[in-house]
Amino acid sequence: MKFDFLKKVLSVWACGLMALGAAAANYEIINVEAPFQMDPIKIFIYPDRDFNIKDYGAVEGGKVKNTQAIADAIEACSRAGGGRVIVPAGTWLTGPVHFKSNVNLHLQEDAVLRFTDDPNDYLPAVMTSWEGMECFNYSPLVYAFECENVAITGSGTLNAVLDTWRKWFPRPQPHLNALKQLYAMASTDVPVEDRQMAKGENNLRPHLIHFNRCNNVLLDGFKIRNSPFWTIHIYMCDGGVARNLDVRAHGHNNDGIDLEMTRNFLVEDCVFDQGDDAVVIKAGRNRDAWRLDTPTENIVIRNCTILTGHTLLGIGSEISGGIRNIYMHDCKAPNSVHRVYFIKTNHRRGAFVENIFMENIETGSAQRVFEIDTEVLYQWKDLVPTYEERITKIENIYMNNVKCENVDAIYEIKGNAKLPVKNVELKNIHVNKVNKFVNRVNNAQDIFTENITYTEISAPSE
């Protein structure tokens, strides 16, 4: 009897070891080089199982809504232990796509997943974030919440119909009132479930892709055309890769990719053509982010092309969870951006920005090659009061080996007198033509520059 019992224990133990080994074999491990310590990134290797949306009732042609058929395919895929949900060639109309764990949404060549613009299709509201404040709002067009191992792959296209959302682009008074209400709730610790914003004329547009509190994310190879709001929003996620993407969205607030309170993420070999910032690092707004206490850290962006965008790399202005260990290298913006490298915060944000690196960059024209501005408030300046003042610590900022054709100014630093910017190193920056001034620096310490040159200037050097 003892011997039989021992055999059973050993058998269970051996099976456990085999299961652990199998689980370990199901991930591709990516080690990313950076000037800081970065954990390896795990990418789930999806089981060789396909779930074609046609088999769950999806109808091609762009006229029948396939929301339920896609949801059924995702449910079956996840319940089976994971695999690929196949969107075949053709145009497939749908409302929101909600992920479950271990699902790879695979867009085959010439597949177009076309999202409706009827706000009612994106109800009931889901937990999301709007400009750094958590709330319940219209579902993002593609949404994952608390999932593990989620992917969008293939060479097909995500395309958003914008007719209704475009009408929501302006900021009329009812929308501004809704923003004031949300800001007040976030600033006074109103529970997130009570912040119901998908109602009336609030008109808070949904993200295209919003992955919220997920692990092991993969976005690979597909195209994006149009977005109601921020295009790709990776929020409070741990581990992931976005690569080989072709993103074009020129609507209002159409950032390319926003990484917020997220860690261990690689963005590589992507093309962004945006109506707002291209690659953006954020970390929540004010008290909401102080509550969550989750910095954005260990992010690498490499070998990307920005065709149009307000910034090549934007840090902030939602920054209150803290941002550190960001590395962008070997990227280019051949046409124009407003700023190549822009750190923006204000006296309400607090937290820190540190260890931010950029090198090996080529750009066309820009307003600034490098800028730090510690008082960026946009429409919020007069819309809402300052509930609490906290100054952002900014230090250990690096830029090296940058070429730019035409700029208004090479660098400008506008620090805060209460907590000056510290330790900025700008090296090997060459501009062909400077239109206004070379540099301006206020409220900053330990600014080191080396080999900053220009060929022509049309205004006196300062």
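Note that the coordinates shown come from a computational prediction; the quantities given were computed from them, not determined experimentally. Because only heavy atoms are used, hydrogens play no part in the values below, and waters and symmetry mates are left out as well, while side chains stay in.
Between D277 and K282 there is no salt bridge, since no side-chain nitrogen of the basic residue lies less than 4.0 Å from a carboxylate oxygen of the acidic one. Of the charged side-chain nitrogens involved, at least one lies within less than 4.0 Å of a carboxylate oxygen, so that R287 and E388 count as a salt-bridged pair. Taking 4.0 Å as the cut-off between side-chain N and carboxylate O, D246 and R225 count as a salt-bridged pair.
For the pair L113 and V87, the tightest heavy-atom approach, listed with the atom from each and the gap, is CD1-CG1, 4.2 Å. Contact detail for N212 and M127: the closest heavy-atom pair is ND2-O, 3.7 Å. In terms of heavy-atom proximity, K100 sits nearest to V150 at O-CG1, 3.7 Å. Heavy atoms only, all atoms of each residue included: R205 and H252 are closest at NH1-O, 3.0 Å. Nearest approach of K54 to W92, heavy atoms of both residues: CG-CH2, 3.4 Å. In terms of heavy-atom proximity, M236 sits nearest to T262 at N-OG1, 3.3 Å.
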side-chain contact (heavy atoms from CB on, under 4.5 Å) between D276 and W230, worked out = CA-CA 9 Å; D276 208 315; W230 293 355; over 6 Å; no
Audit row: R291, D189, salt bridge (charged side-chain N to carboxylate O under 4.0 Å, His left out) steps and yes/no = CA-CA 9 Å; R291 166 180 60 85; D189 298 327; 5.5 Å; no
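Residues R339 and Q367 form a side-chain contact, since some pair of their non-hydrogen atoms from C-beta on lies under 4.5 Å apart. Under the 4.5 Å side-chain criterion, counting only non-hydrogen atoms from C-beta, F370 is not in contact with V402. Looking at F115 and L158, their side chains come closer than 4.5 Å, going by heavy atoms from C-beta outward.
Counting only N and O atoms by type, the side chains of Y235 and E134 include a donor and acceptor under 3.5 Å apart.
Listed by chain and residue number, V161, D163, T164, W165 satisfy the side chain to side chain contact (heavy atoms under 4.5 Å, CB included) test with D117 (two or more places apart in sequence, or in another chain). For Q68, the side chain to side chain donor-acceptor pair (under 3.5 Å) partners two or more places apart in sequence, or in a different chain, are D72.
Of the candidates I224, T231, L307, I257, F272 forms a side chain to side chain contact (heavy atoms under 4.5 Å, CB included) with just one, namely I257.
Geometrically, R285 engages W380 in a cation-pi contact defined by less than 6.0 Å to the ring centre and at most 45° from the axis.
Within the structure, every pair that satisfies the side chain to side chain donor-acceptor pair (under 3.5 Å) test and touches residues 140-157, not counting sequence neighbours, is listed here: Y27-N149, N102-N149, N104-T153, H106-T153, N149-N216.
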